[in-house]
Amino acid sequence: MSQYRASASEARVCTVMRDVRLYCLSPRGLNMHSHTPPTNISGDKTYDHAITERELPSLPQDELKRTHGQNWIRRVCVTLWIWEMLSILASITCIGAVVVLLSLYNGQALPSWSYGLTINGVISILAVVTKASMVLPIAEAISQLKWRWFWSSPRPVRDFESFDSASRGPWGSLTMLFKVRLWSLGALGAALTVAAMLVEPALQQIPAYPTRMVITGSSALARSLTFTDRVPTTGSTGFSLSVDFKSAMYMGIFGSEEVVTHNPGCTTGNCTWPTFSSLGVCSACEDLSPLLHPIEEALGIAWLVNHNTSSYSGFSRLSVMYSSDTADYLQIAYRAMGSHTIVDFQSLYWPPGSAVDDPPSGCFECVLYFCVKEFSASTIGGYFSETVLSTWPPANTSTPEQPDIDLSGDFPRGSNFSLAFAEQHRNFTITPPGSDTTYTVDRLTFDLVKSWAEKSKMFAGEIVSDGIDYYTPIAFDVDDIAGRVYNEMTEQLGPNKTINGRSIPSTAGPGRLLSQVATSLTTFMRQSETGNLPINGDTIHYESFVQARWYWLAGPLSLLLLTLVFMLSTILLSARNGIPTWKSSSLAVLVHGLDDAGSCAMTNPRLDGLEKNASEYRMAVHQNLGVWTLEARRT
């Protein structure tokens with residue numbers, strides 16, 4: 001045995017302990033019938049410690065057979081690494097099960113299984129088994145490499161603890177990786193142990209559950225190709241508009257945008273329709289403020305709108321705050337549309353708080369007319385949205401140089417609204433460019449609508465002003481529709497603009513309100529029973545489906561392959577060097593542990609003292625008298 005620099009007393013104690021242990025291993029000490037202790041144990045006594053199986057006491061034959069039958073399977077499994085091979089096979093099986101499961105449901109709707117089981121739950125279980133099965137052979141291989149590290153070559157005693165900690169889990173493996181001097185095949189095992197922590201989340205990341213649209217049926221959206229609205233007048237042969245049409249007009253004026261918008265039924269809350277066209281009503285407004293011209297009057301300044309060489313009647317802020325009229329002679333911007341229009345009116349507006357000599361903040365001409373609207377529509381999450389993409393015909397505005405262009409002339413005024421007279425003239429038709437569909441408004445219906453809107457002076461009204469004195473006018477609302485238009489223009493006030501040298505608030509005009517009226521009338525026309533040809537769309541159901549992201553499988557498969565290579569390399573290296581298959585066996589450490597002299601030299605009741613002493617020694621596995629022992633020497 002090697003010589004150690006220890007004190008004389010320590011050497012004598014260790015020699016006595018050695019003699020006692022060797023005696024216990026001798027035939028005399030193992031004799032079960034002899035209770036006589038050795039008579040002479042001294043430091044210089046020499047014994048023959050070569051022990052063979054023949055010299056050991058024999059067990060009864062029946063017990064020997066039973067023990068042999070119980071242990072042969074374990075011996076074969078330990079020696080041939082059967083458990084580790086089965087663990088790797090379990091990992092392969094679990095990963096294969098994940099692949100099969102996701103292959104079956106990839107692209108399919110998310111299944112609903114009994115007992116609350118889900119795909120994620122099953123994959124989570126398989127991932128846990130995969131990770132546990134992968135860690136076992138790695139840990140055993142690291143433990144086996146522990147013996148290889150100390151085989152014949154002296155290594156620091158504390159390396160034994162580093163290998164042992166690495167075989168127990170990720171923390172010990174991570175610590176081992178930071179010790180560069182331990183970088184060997186065992187370091188690969190430590191890296192695999194740390195990387196194995198990612199196996200479980202990687203497998204669970206493979207399935208994703210996006211949503212997709214699934215068409216479950218059809219949904220109809222109303223549109224109008226022809227429009228007829230006339231009811232017989234009681235007691236006469238004439239006709240009038242229905243109450244429903246008039247209600248739609250007033251709803252557009254006094255209602256809200258949400259009320260006048262068409263809202264179809266959609267059973268799933270998600271529907272789409274192709275782009276479509278429908279007969280409806282359009283609106284347009286033109287700002288005539290640049291044409292305003294002041295004139296001096298006895299009571300103040302009156303404002304006129306110049307048109308060509310003629311001047312039409314104007315109004316003074318002293319007399320009105322708002323005035324509108326539908327007279328033909330006031331038509332300027334949309335005179336070119338002639339008899340196509342439903343109503344054409346011009347208005348002057350002074351905002352609240354304006355002085356009596358201020359110019360109007362706005363002078364607008366607005367028009368309502370039949371047209372064809374192109375729509376895109378959809379219902380998403382129960383919210384219906386409809387957008388007007390284009391209209392035909394466009395609102396044709398004429399310039400002061402070309403005021404009298406008439407696009408049609410097909411509808412002379414003064415119709416007696418009789419069916420017989422209406423049938424003598426063509427219906428009002430619109431055929432948009434590039435379309436093979438002709439949209440039609442019944443002739444009598446057109447005359448009835450035009451007469452009711454214009455001759456009833458619906459959009460002709462005033463808000464007159466009176467005052468305590470010349471500078472403090474007070475407005476009196478004498479017309480409901482005029483008041484509604486006035487309030488709309490007040491809500492649309494914006495930055496100041498200069499008119500006739502005066503800076504006054506500007507207004508966007510009644511365009512938004514007229515657009516709401518046009519929408520209300522269009523909705524009524526689309527929902528009327530005559531000429532309604534629905535456009536069919538798709539009823540959509542959003543469902544979650546399984547999507548396998550196979551690239552997440554690369555990590556677990558790579559780790560599994562490296563684990564197999566690592567274990568096989570350990571087996572071959574141990575076989576080539578003749579290292580017993582002790583792996584993580586505690587019995588191997590107990591039986592073939594540190595020799596007595598090294599143990600006595602490093603012993604300490606405190607852990608920190610023990611570690612300090614161990615850091616001063618190196619050890620290696622040697623065979624002495626037929627027994628494998630870890631022999632230590634001071635560095």
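Keep in mind the model is a prediction, meaning the values are calculated, not measured.
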Nearest 0.5 Å, what's the [atom1]-[atom2] distance between [X] and [Y]?
| X | Y | atom1 | atom2 | result |
| --- | --- | --- | --- | --- |
| S323 | Y486 | OG | OH | 13.0 Å |
| M458 | I342 | CE | CD1 | 10.5 Å |
| Y439 | C371 | OH | SG | 11.0 Å |
| I206 | W552 | CD1 | CH2 | 9.5 Å |
| F254 | Q516 | CZ | CD | 11.0 Å |
| E365 | Q346 | CD | CD | 6.0 Å |

So D244 and S242, side chain to side chain donor-acceptor pair (under 3.5 Å) or not? Walk me through it. CA-CA 5 Å; D244 292 337; S242 67; 5.1 Å; no
Measure across [X] and [Y] and return the closest heavy-atom pair with its distance rounded to 0.1 Å.
| X | Y | answer |
| --- | --- | --- |
| A222 | F276 | O-CE1, 4.2 Å |
| P505 | L493 | CB-CD2, 4.1 Å |
| P556 | L203 | CG-CD2, 3.8 Å |
| W273 | I535 | CD1-O, 3.6 Å |
| S289 | S361 | OG-O, 4.4 Å |
| P207 | R549 | O-NH2, 3.8 Å |

Per the side chain to side chain contact (heavy atoms under 4.5 Å, CB included) rule, which among V281, V517, L279 passes with T522?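 So the option named by the test is V281.
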Can you tell me which residue among V367, L514, L368 is in a side chain to side chain contact (heavy atoms under 4.5 Å, CB included) with V343?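 Among V367, L514, L368, the one that satisfies the side chain to side chain contact (heavy atoms under 4.5 Å, CB included) with V343 is L368.
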Sequence neighbours left out, what pairs pass salt bridge (charged side-chain N to carboxylate O under 4.0 Å, His left out) with at least one residue falling in residues 510-520?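 Applying salt bridge (charged side-chain N to carboxylate O under 4.0 Å, His left out) to every pair that reaches into residues 510-520, excluding sequence neighbours, yields E488-R512, E491-R512.
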Please tabulate, for the side chains in residues 116-128, all donor-acceptor contacts under 3.5 angstrom to protein atoms that are two or more places apart in sequence or on a different chain.
{"unit_1": "T118", "atom_1": "OG1", "unit_2": "G121", "atom_2": "N", "d": "3.1"}
{"unit_1": "N120", "atom_1": "OD1", "unit_2": "Y209", "atom_2": "OH", "d": "3.0"}
{"unit_1": "S124", "atom_1": "OG", "unit_2": "Q204", "atom_2": "NE2", "d": "3.3"}

Run the side chain to side chain donor-acceptor pair (under 3.5 Å) test on S503 and N496 for me, step by step, so that the C-alpha distance in whole Å, both residues' side-chain angles and the decisive distance to 0.1 Å come before the verdict. CA-CA 6 Å; S503 178; N496 284 9; 3.3 Å; yes
Do D480 and R484 meet the salt-bridge criterion of a basic N to acidic O distance under 4.0 Å?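 Not counted as a salt bridge, because no side-chain N and carboxylate O are separated by less than 4.0 Å.
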If only atom types and distance count, is the side chain of N106 paired as donor or acceptor with the main-chain N or O of L102 below 3.5 Å?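 No; zero donor-acceptor contacts below 3.5 Å.
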Check whether T216 reaches the backbone of T539 with its side chain - one donor and one acceptor, N or O, closer than 3.5 Å.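 Indeed, once roles are kept as given, a pair shorter than 3.5 Å links the two residues.
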Return yes when atom CH2 of W452 has more than 12 non-hydrogen atoms of other residues, nucleotides or ligands closer than 6.0 Å, and no otherwise.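 Yes.
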Does the separation of the ring centres of Y322 and Y349 fall below 6.0 angstrom?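 When the ring centroids of Y322 and Y349 are compared, they turn out to be at least 6.0 Å apart.
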Any side-chain donor paired with an acceptor under 3.5 Å for T445 and D229?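 Checked: T445/D229 side chains show no N/O donor-acceptor pair below 3.5 Å.
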Regarding T438 and T431, do their side chains bring together a donor and an acceptor under 3.5 Å, going by distance alone?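 Yes, T431 and T438 have a side-chain donor paired with an acceptor closer than 3.5 Å.
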Would you tabulate the side-chain donor-acceptor contacts of residues 381-395 under 3.5 Å, counting partners in other chains and residues two or more places apart, or write 'none'?
{"unit_1": "E386", "atom_1": "OE1", "unit_2": "R526", "atom_2": "NH1", "d": "3.0"}
{"unit_1": "E386", "atom_1": "OE2", "unit_2": "R526", "atom_2": "NH1", "d": "3.1"}
{"unit_1": "E386", "atom_1": "OE2", "unit_2": "R526", "atom_2": "NH2", "d": "3.0"}
{"unit_1": "S390", "atom_1": "OG", "unit_2": "E374", "atom_2": "OE1", "d": "2.8"}

